[in-house]
Every structure is written in C-alpha cells, then in structure tokens.
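Below: the structure, in structure tokens.
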2 protein chains.
Amino acid sequence: MADTDPGTAERLDVTPAHRELLDQVLDKWSLEVLNTLCERPSRFNELRQAIPAVSQKSLSATLRRLERNGIVERRVLSSRPVAVEYRITPLGKTLRSPVDALLDWADGHLGAIEAARRAYDEAEPTAS
Amino acid sequence: MADTDPGTAERLDVTPAHRELLDQVLDKWSLEVLNTLCERPSRFNELRQAIPAVSQKSLSATLRRLERNGIVERRVLSSRPVAVEYRITPLGKTLRSPVDALLDWADGHLGAIEAARRAYDEAEPTAS
DNA sequence: CGGTATCCGGTGGGATACTG
DNA sequence: CAGTATCCCACCGGATACCG
C-alpha cells in the first residue's frame, strides 16, 4: 500500500479545540450565511431574506459567533437609520474550499446514503 | 476574475437534506470514531479505549447512526460471549478526504482564530 | 462483552415582544 | 433597520443502573 492509502496514512487527531472550532463554524446556519456572504456583503435583513428559515435570534447569534472567530466582519455604515453590513474576511474565505469539499461529498453521496437508511429502517422495525 | 474565484463561483446551496446529513456524520463523536475505524476495525470496548471521553450511550448512538447511514458496518463475530466488530464501509472511506480537508483547515487556522477570539473578547467586555 | 433504559442538566434554537 | 430580551421546549449527551 502507498502511504496515501487512507487506511494507513497518519492522520490528525481531533482535539477538543478542533471540535469546538468545527462546532462554531459548521453549526446549523453558518454554512448558509457563509455561502451568502461569499457572494456579496449583505445587510442583516438581506441575510434574513436570503435564508428565510432562520430566526432573528439565530441569525444574530450565528453572525456574532462567526465575527468572534474572525470569519465575518461587521461594519456599521451609517447611524440614522442604522445600517450594518456583514462581509466575509480573508480568513473566512479559506473556509470555502474545505466546506465545498464537504458539500460536494454530501451532494454526491446523498442518494447512496438515503438508500442505506431505507435498507436499515427496513431491516430493523424493532418489533411492532 | 477567473471562475475559480470563490467570490463569484456558482455554489451548491445547503438543502435541509444536506444539513441533516452533515449533522448525522459530523456530530460530536463521529469524526473520532471514523478516524479510529479507518485505522483498523474495532470492537466496541476498543473504541471506548481509543476515545476515552465518550460515554457508552453516546458511542452506541454514534455507531448506530453511522451504521444507518451506511458509513460503518456492524459485524457480529461470535455469540458467547458476544463479540462485535465495527468497520468502515467503502462509502465511509469516501468521507475521509473532505473530513481531512476540514481537519487540516482547522489545524492550520486555529492560531489565527484563537487570536481573533481574543481580540473580540478584549474589545467587547460588554460591561462588567 | 456489548449494549439498553432511565434520569437529568445544559444548550440550541424558534416565537414573540420590545428597543435604540 | 438591526438588533436584544424573555420564554419555552426539544434534543444532546453524561451518569448511572440494569440486561442478554
């Protein structure tokens, strides 16, 4: 086997810090926020329109979390009426490639996985 | 700009099915389970030793979830005393590459992100 | 050995109401 | 417009006890 064999290659272990980071960056709404902000900087309510299913509270929390992690930048544009713009940072852009890889994987294997789920659920009606 | 520019490239949107899939596969313990099973097939208690922080319940739930999604396979080896082996499936192996990309990203940018967090927390003591 | 059942506290996130 | 505050509940995951 070559050392590129995924079964034998040495791999990074998942430390608590890695875990926390992924939790902060891959939570329920972050990916959609990232996707939107990678297309263009957006105002708060533009994001709400772009992601209709998110609540005010969750969008606000997601943005603050991403801001704290240096993934997005919050920019106050004017003060009356208040205008705020969110944009992706250079650090945030580096997230694109691995996240896209993940999304591509999910998209490419969704069919196989749904088939596996059906097979599993079929086989294990757990009595009834 | 080339069409490889992350700011202009067309991207997959994140559907609820994608979200659910990622939630099932990237949850708290799945990555460590995957990492361990990619090295070698393992018994239940071997996994507990390899991942000391996981509880029985969570490990069991993680394994059943991954099994249902076709990522790992559960194999009963003998019946008295019970021996069970878990191993990664071919489908599960396809997860390696995108997950490694993510882990590499996390590892490579952890320092910058921790710096961003310190800067943010410093600037926003939010009273006290 | 390899789990399941039960309890239980903390957290995520929606709905709603209010504010600068 | 861009949030925060409050309430509330569902779910996650740990601890413990029990089972085939």
Side-chain angles (χ1 to χ4, degrees), chain A residues 14 16 19-33 36-37 41-69 72-87 120 124-128, chain B residues 14 16 19-33 36-37 41-69 72-87 120 124-128:
Chain A
V14 185
R19 239 300 131 212
E20 186 199 9
L21 176 49
L22 296 182
D23 284 342
Q24 304 240 331
V25 148
L26 298 179
D27 72 289
K28 186 169 185 187
W29 298 110
S30 293
L31 298 190
E32 284 167 87
V33 169
T36 306
L37 291 185
S42 305
R43 310 268 295 272
F44 188 82
N45 283 332
E46 287 179 324
L47 286 168
R48 291 197 71 189
Q49 289 164 26
I51 313 167
V54 73
S55 69
Q56 267 186 345
K57 175 185 172 180
S58 293
L59 179 56
S60 171
T62 299
L63 287 169
R64 274 186 287 105
R65 183 165 40 237
L66 293 177
E67 187 195 0
R68 190 172 101 95
N69 285 274
V72 308
E73 181 193 357
R74 181 181 188 270
R75 207 175 275 196
V76 178
L77 297 180
S78 71
S79 282
R80 240 191 33 282
V82 181
V84 177
E85 189 180 82
Y86 293 91
R87 59 175 62 215
Y120 182 94
E124 327 252 330
T126 314
S128 72
Chain B
V14 185
R19 239 300 130 210
E20 186 199 10
L21 177 49
L22 296 183
D23 285 341
Q24 304 241 329
V25 148
L26 299 180
D27 74 287
K28 187 170 185 185
W29 299 110
S30 293
L31 297 190
E32 284 168 86
V33 169
T36 306
L37 292 186
S42 305
R43 310 267 297 269
F44 188 83
N45 282 333
E46 287 179 324
L47 286 168
R48 291 197 71 190
Q49 290 164 27
I51 314 168
V54 73
S55 68
Q56 266 186 348
K57 175 185 171 180
S58 293
L59 179 56
S60 170
T62 299
L63 287 169
R64 274 185 285 105
R65 183 166 41 239
L66 293 177
E67 186 194 1
R68 189 173 100 95
N69 285 272
V72 309
E73 181 193 359
R74 181 181 189 271
R75 208 176 273 195
V76 179
L77 297 181
S78 72
S79 282
R80 239 187 34 282
V82 181
V84 177
E85 188 179 82
Y86 293 92
R87 59 176 62 212
Y120 182 95
E124 329 250 331
T126 315
S128 67

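Convention: sequence-line order gives letters A, B, ...; per-chain numbering from 1.
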Which of these nucleotides, dG3(D), dG2(C), dG14(C), is closest to any side-chain atom of Trp29(A)?
dG14(C)

Between Lys28(B) (NZ) and dG10(C) (P), how many Å, whole number?
14 Å

Among dG3(D), dG13(C), dC1(D), the one nearest any side-chain atom of Ser60(A) is dG3(D)

Any side-chain heavy atom of Thr36(A) within less than 4.5 Å of one from Glu46(A)?
no

Does any N or O donor sit under 3.5 Å from an N or O acceptor when you compare the side chain of Lys57(B) with the base of dG14(D)?
yes

Judged by nearest nucleotide, the residue sitting upstream toward the 5' end of DNA chain D, Arg43(A) or Val82(B), is Arg43(A)

For atom CD of Glu46(A) and atom P of dG3(D), their distance in whole Å
12 Å

Any donor-acceptor pair, under 3.5 Å, between the side chain of Gln56(A) and the base of dA17(C), if you only look at N and O atoms?
yes

Which whole-number value in Å describes the distance from Gln24(A) CD to dT11(C) C1'?
13 Å

What's the closest nucleotide to the side chain of Arg74(A) if the choices are dG2(C), dA2(D), dG13(D)?
dA2(D)

Nearest-angstrom distance from the residue atom CD of Glu20(B) to P of dC12(D)
11 Å

What is the distance from CZ of Arg48(A) to C1' of dA2(D), rounded to the nearest Å?
10 Å

Starting at atom CZ of Arg75(A), determine the distance to atom C1' of dC1(D), rounded to an integer number of angstrom.
19 Å

Any side-chain heavy-atom pair of Arg74(B) and Leu63(B) under 4.5 Å:
no

Contacts of Glu85(B) and Val54(A) projected onto DNA chain C by closest heavy atom; the upstream (5') one is Glu85(B)

Value in whole Å for how far the C1' atom of dG12(C) lies from CG of Asp27(A)
9 Å

To the side chain of Arg64(A), which of dG14(C), dT4(D), dG3(C) is closest?
dT4(D)

Separation of atom CG in Asn45(A) from atom P in dT4(D), rounded to whole Å:
13 Å

Out of curiosity, Thr62(A) OG1 to Asp27(A) CG, how far, rounded to the nearest 0.5 Å?
5.0 Å

Mind checking whether Ser30(A) and Val25(A) have side chains closer than 4.5 Å, heavy atoms only?
no

Think Ser58(B) has a side-chain N or O under 4.0 angstrom from the OP1 or OP2 of dG14(D)?
yes

Any Tyr86(B) side-chain nitrogen or oxygen under 4.0 Å from OP1 or OP2 of dC1(C):
no

Taking the side chain as every heavy atom from C-beta outward, state whether Val54(A) and Val33(A) have any atom pair closer than 4.5 Å.
no

